[in-house]
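The structure under discussion appears below in the form of structure tokens.
Just so you know, ligand 1 is whichever comes first in the structure, and atom 1 is the first atom listed for that ligand.
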Amino acid sequence: MSIMVPSKTPALITSGRQALDSALHQLDQAAEQLGLDDGLRTMLATPRRSLTVSVPVRREDGRLDVVQGFRVQHNVSRGPAKGGLRFHPGTDIHEVTALAMWMTWKCALVGIPYGGAKGGVAVDPAGLTTRELERMTRRYINEILPLIGPEKDIPAPDVGTDEQTMAWIMDTYSVNTGYSVPGVVTGKPMTLGGSLGRTGATSRGVQIAALAALGRSPEGVTVAVQGFGKVGALAAQYLADAGCKVVAVSDVTGAVYAGGGLDVAGLRAWVAESGGVRGFRHADAMAQDELFELDVDVLVPAALEGAITEANAHRIRARLIVEGANGPTTPEADEILAAGGTMVVPDILANAGGVIVSYLEWVQNMQAYSWSSGEVELKLRDLMLNAFTEATSLAAERGLTLRQAAHVIGVGRVAEAHQMRGLYP
Ligand code: GLU
């Protein structure tokens with residue numbers, strides 16, 4: 001039985017099945033390039049562990065609701081499973097599986113010693129009070145407790161979760177263990193062992209990837225950002241700080257445009273106050289769909305899966321797309337964009353900054369020692385740029401898109417780990 005928790009989020013339909021089909025298609029293409037045999041392909045196409053749980057939530061008025069929760073460990077051949085936890089009404093087991101698979105390739109591509117995982121709860125967090133949210137988070141974690149741990153599977157923030165969620169998870173796990181275990185989650189508050197630079201890490205990575213892909217001075221480069229949440233808002237800020245002109249952004253409330261460049265800091269303050277970009281006085285209102293059709297240099301999809309499809313890919317005029325979100329472009333759209341000469345820096349590369357700094361946070365936790373923000377930033381930049389160079393070189397060498405090349409590298413490393421380890425028993 002699944003009881004719907006009241007939702008304030010407009011119907012952002014993210015078909016989990018479509019996301020999984022996309023992920024499987026990308027894996028298939030990479031497996032073909034790598035010449036992997038059928039058995040190994042099936043290993044890589046299927047998650048090693050997949051858990052669905054029913055989470056009872058006591059509401060403030062005494063009612064009992066039950067929501068569905070998931071944790072999928074797609075692969076653990078290169079290290080502990082790693083990946084975010086999503087609270088969104090549209091999430092399902094297929095979506096979480098796709099996202100877990102992308103985490104596996106992402107960690108392998110940027111060379112950090114993790115497998116891939118993802119968690120999700122099919123709930124709209126905006127429809128719960130803070131206390132309801134805390135109870136639900138703790139109960140969900142309790143249900144998946146046997147799966148997680150600093151050496152096993154390490155959750156982190158994703159859509160609809162934040163450092164407060166991670167603090168509750170760290171506490172729930174630690175209370176069950178009997179001592180504090182900061183390394184069980186990343187993206188924690190600083191007081192609980194969080195890392196400097198983690199909050200903006202995904203966005204910083206998007207900025208690094210965008211500037212590397214541009215290959216020219218960012219001065220005056222025009223940018224549109226779809227999604228003005230945790231990733232999109234700071235990506236817009238960092239790109240503006242670097243000299244780009246962010247002319248348009250959108251979120252679930254609407255879209256705003258300013259040809260001369262938006263005051264991104266002012267817009268972030270407006271969003272903090274009003275809850276969305278709509279109504280920002282220093283810009284023109286625009287339909288959300290129009291954002292994709294703008295004549296800009298760079299488009300940053302930073303919301304959910306399936307934003308760029310065969311229905312709108314033809315109309316995209318940006319020459320460069322940098323994917324802040326996971327899975328924003330469908331394979332059909334990818335083909336249209338490639339045929340039209342649009343360069344796409346794929347999710348597993350462009351948004352890897354988050355998990356890179358998660359890794360740095362975990363390393364600091366494991367050695368009980370913290371680094372300066374400069375050290376973190378330097379390591380993030382190094383890992384991002386190494387992966388970018390490797391992917392662009394392979395793409396040029398084999399005539400692949402950047403997504404195909406990134407997958408060949410990621411999938412290839414995981415396949416190699418499987419081959420070296422062999423099969424037990
Ligand atoms: N949720 C982020 C992602 O999709 C971060 C995951 C992590 O830090 O483990 O990459």
Non-neighbouring partners of Trp102 that pass ring pair (Phe, Tyr, Trp, His ring centres under 6.0 Å), sequence neighbours left out: none
Residues forming a ring pair (Phe, Tyr, Trp, His ring centres under 6.0 Å) with Tyr173, sequence neighbours excluded: none
Option among Val355, Ile356, Asp347 that satisfies the side chain to side chain contact (heavy atoms under 4.5 Å, CB included) test with Lys106: Val355
Contacts of type side chain to side chain donor-acceptor pair (under 3.5 Å), residue Asp171, not counting sequence neighbours: Arg138
Test item: side-chain donor near acceptor, Gln237 and Asp241, under 3.5 Å: yes
Donor + acceptor pair across side chains of Asn351, Asn326 (<3.5 Å): yes
Under 4.0 Å from ligand 1 - residues by heavy atom, chain and number: Lys82, Gly83, Gly84, Met103, Lys106, Lys118, Ala156, Pro157, Asp158, Arg198, Asn326, Gly354, Val355, Ser358
